[in-house]
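Shown next, in structure tokens, is the structure this report addresses.
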Amino acid sequence: MKMFLTRIVLALRRFQQWLVAQAAFGVLNLLKLFPADPAMNFADRAGRWLGPKLGRHRLMLTNLRNAYPDKTDAEIEDIAVRSWGHMGRLAAEYVFLDRLFDFDPEQAEPGRVEVSGTEIFLALRDNPRPFIVFTAHSGNFELLPVAGKSFGLDVMVLFRPPNNPYIAEKVFDFRSTRMGKLVPSHAGSSFALARRLEAGGGVGVLVDQKFKKGLTTTFFGRPVRTNPLLAKLVRQFDADVYPARCVRLPDNRYRLEIEPMIDVPRDAKGHVDVQATAQMLNDKVESWVRQNPEQWLWYHDRWEIKKQLNI
């Protein structure tokens, strides 16, 4: 009897996930009927309207107050609302991702996408060696691997699939045709990245995700757990490390930036300092977020306080 009830509960859960996925697909398919700019602008307005009505808005406001104790409540609310708008844009941008990336180095006038650091992309392509590009959930971070593929870079990208299996399958299929080799984050994903680096290739990772078994570091002056994977891969393969990000610009434009190679912290013996490297990643991401706070996904439970808020 107990097993039968368990199966019923699991079936109901799968059905609920299926319904949520179909609703999401329906909205995205509807957006496809419109030109990109009106659709993305609508998604921004919808995000600003819907987001503050969700339970996660409390988490977002708390995260922002903790990160910016000197800002007023009105300033915090404004950043939060605009952040919801950017999340709406991110969803709509999936629909038009193929059309958004229009960068052409031979074009006299900039298009929708401008790229800073093209010489680095080309150097990595023309002089193969182990390298790691790291980024954060800021702007449309999905455009970075699209840019890498357009430059002819064979980069293996580590990503965390959505919790909904139906959405996860669609997202994986969509990403895999536009972003090169994808590796879902799970227990064995680090081995796949290691094999790519060992072969002299490149990998891309997001470094601002919560990692329960990670190293104790700080982010905006508050303790967080940070994944030591990047530092350990650098220590093992002596890979070069490059920061990269996407910044949304006015009028539905984007700037992709890949920065010069950074010096990874090392101890007195010249070995990679894993703890200091993890903190360095947080410091770099924090500097990006402070420049454009509304473009980061503040609804993430980065500081693990969701349970305290009963959300």
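No side-chain N or O of W296 forms a donor-acceptor pair with one of H86 less than 3.5 Å apart. Side-chain contact annotation: Q295 with S83, donor-acceptor N/O pair under 3.5 Å absent. Between the side chains of N140 and R89, no donor-acceptor pair of N or O atoms lies under 3.5 Å. Inspection of the T216 and R225 side chains reveals an N or O donor paired with an N or O acceptor under 3.5 Å. Using modelled atom types, one finds a donor on one side chain and an acceptor on the other under 3.5 Å when comparing D283 with Q279.
For N127 (side chain) and A123 (main-chain N/O), a donor-acceptor pair under 3.5 Å exists by modelled atom type. Here the side chain of R65 pairs no donor or acceptor atom with the backbone of N63 at under 3.5 angstrom.
Salt bridge status for R196 with E198: absent, with no side-chain N to carboxylate O gap under 4.0 Å. Salt bridge status for K284 with E259: present, with a side-chain N to carboxylate O gap under 4.0 Å. Ion pairing between D273 and K232 fails under the 4.0 Å rule for side-chain N and carboxylate O. Using a 4.0 Å cut-off between charged nitrogen and carboxylate oxygen, D44 and R82 do not count as a salt-bridge pair. Taking 4.0 Å as the cut-off between side-chain N and carboxylate O, D208 and R302 do not count as a salt-bridged pair. Using a cutoff of 4.0 Å between basic side-chain nitrogens and carboxylate oxygens, R112 and D102 are not scored as salt-bridged.
Under the side-chain contact (heavy atoms from CB on, under 4.5 Å) test applied with L230, the options V205, V272, V203 reduce to a single match, V205.
Proximity of L61 to W298: side-chain heavy atoms (C-beta onward) are nowhere separated by under 4.5 Å. Residues L143 and Y254 have side chains in contact (heavy-atom distance under 4.5 Å, counting atoms from C-beta outward). Annotation: side chain of Y299 is not in contact with side chain of H57 (no heavy-atom distance under 4.5 Å). Side-chain contact between K213 and F211: present, with at least one pair of heavy atoms (C-beta onward) separated by less than 4.5 Å. Between E114 and E257 there is no side-chain heavy-atom pair separated by less than 4.5 Å. A 4.5 Å side-chain heavy-atom check between E294 and R248 finds every atom pair outside the cut-off. In this structure, N282 and V224 have side chains that are in contact, with non-hydrogen atoms separated by less than 4.5 Å. Looking at heavy atoms from C-beta onward, Q209 lies out of side-chain contact with T226 at the 4.5 angstrom threshold.
The minimum heavy-atom distance linking L215 with P228 is given by the pair CD1-CB, 3.7 Å. F101 and S150 make their closest contact through CE2-OG, 3.1 Å (heavy atoms, listed as atom of the first residue, atom of the second, distance). Between A43 and G88, the shortest heavy-atom distance links the atoms CB-O, 3.2 Å. Scanning all heavy atoms of the two residues, the minimum distance from T135 to A244 falls at OG1-O, 2.7 Å. R266 and G270 make their closest contact through NH1-O, 3.1 Å (heavy atoms, listed as atom of the first residue, atom of the second, distance). Minimum interatomic distance between F220 and A67 (heavy atoms only, all atoms of both residues): CD2-CB, 3.5 Å.
When the side chains of ILVMFWY residues are joined at heavy-atom separations under 4.5 Å, either directly or via intervening members, V241 and V274 end up in two distinct hydrophobic clusters. Cluster membership for L122 and L144, using ILVMFWY side-chain heavy atoms within less than 4.5 angstrom, is shared. There is a path of hydrophobic side-chain contacts, each under 4.5 Å, that joins I76 to I305. Connection of V146 to V247 is not established within any shared hydrophobic cluster, with ILVMFWY side chains joined at heavy-atom distances below 4.5 Å, either directly or through further cluster members.
Between I132 atom CD1 and L233 atom CG the span is 5.0 Å, to the nearest 0.5 Å. Put simply, CZ on F121 and OG on S116 are 9.5 Å apart, with the number rounded to the nearest 0.5 Å. Distance NZ/K210 to NE2/H300: 9.5 Å, rounded to 0.5 Å. Distance CZ/F103 to CG/L256: 9.0 Å, rounded to 0.5 Å. To the nearest 0.5 angstrom, L229 atom CG is 12.0 Å from T277 atom OG1. Summarising the geometry, atom CE belonging to M40 is positioned 11.5 Å from atom CG belonging to L90; distances are rounded to the nearest 0.5 Å.
A centroid separation of 6.0 Å or more is found between the aromatic rings of F134 and Y242. Between W49 and F42, the distance from one ring center to the other does not fall under 6.0 angstrom.
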Checklist line | Test side chain to side chain contact (heavy atoms under 4.5 Å, CB included) applied to L50 and W84, step by step | finding: CA-CA 8 Å; L50 178 62; W84 284 116; over 6 Å; no
Check: Does the side chain to side chain contact (heavy atoms under 4.5 Å, CB included) test come out yes or no for L124 and D240, once each step is laid out?
Finding: CA-CA 10 Å; L124 291 173; D240 297 340; 5.5 Å; no
Margin query: side chain to side chain contact (heavy atoms under 4.5 Å, CB included) for M60 and L297? Distances and angles first, verdict last.
Written below: CA-CA 9 Å; M60 185 180 284; L297 304 186; over 6 Å; no
Next item on the list: Determine, stepwise, if the pair E75 / Y68 fulfils side chain to side chain contact (heavy atoms under 4.5 Å, CB included).
Entry: CA-CA 10 Å; E75 290 172 322; Y68 297 101; over 6 Å; no
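The environment of D126 atom CG is dense: over 12 non-hydrogen atoms of other residues, nucleotides or ligands sit within 6.0 angstrom.
Using bins of under 30°, 30° to 60° and over 60° for the plane-to-plane angle, the ring pair W303/F219 lands in the parallel bin.
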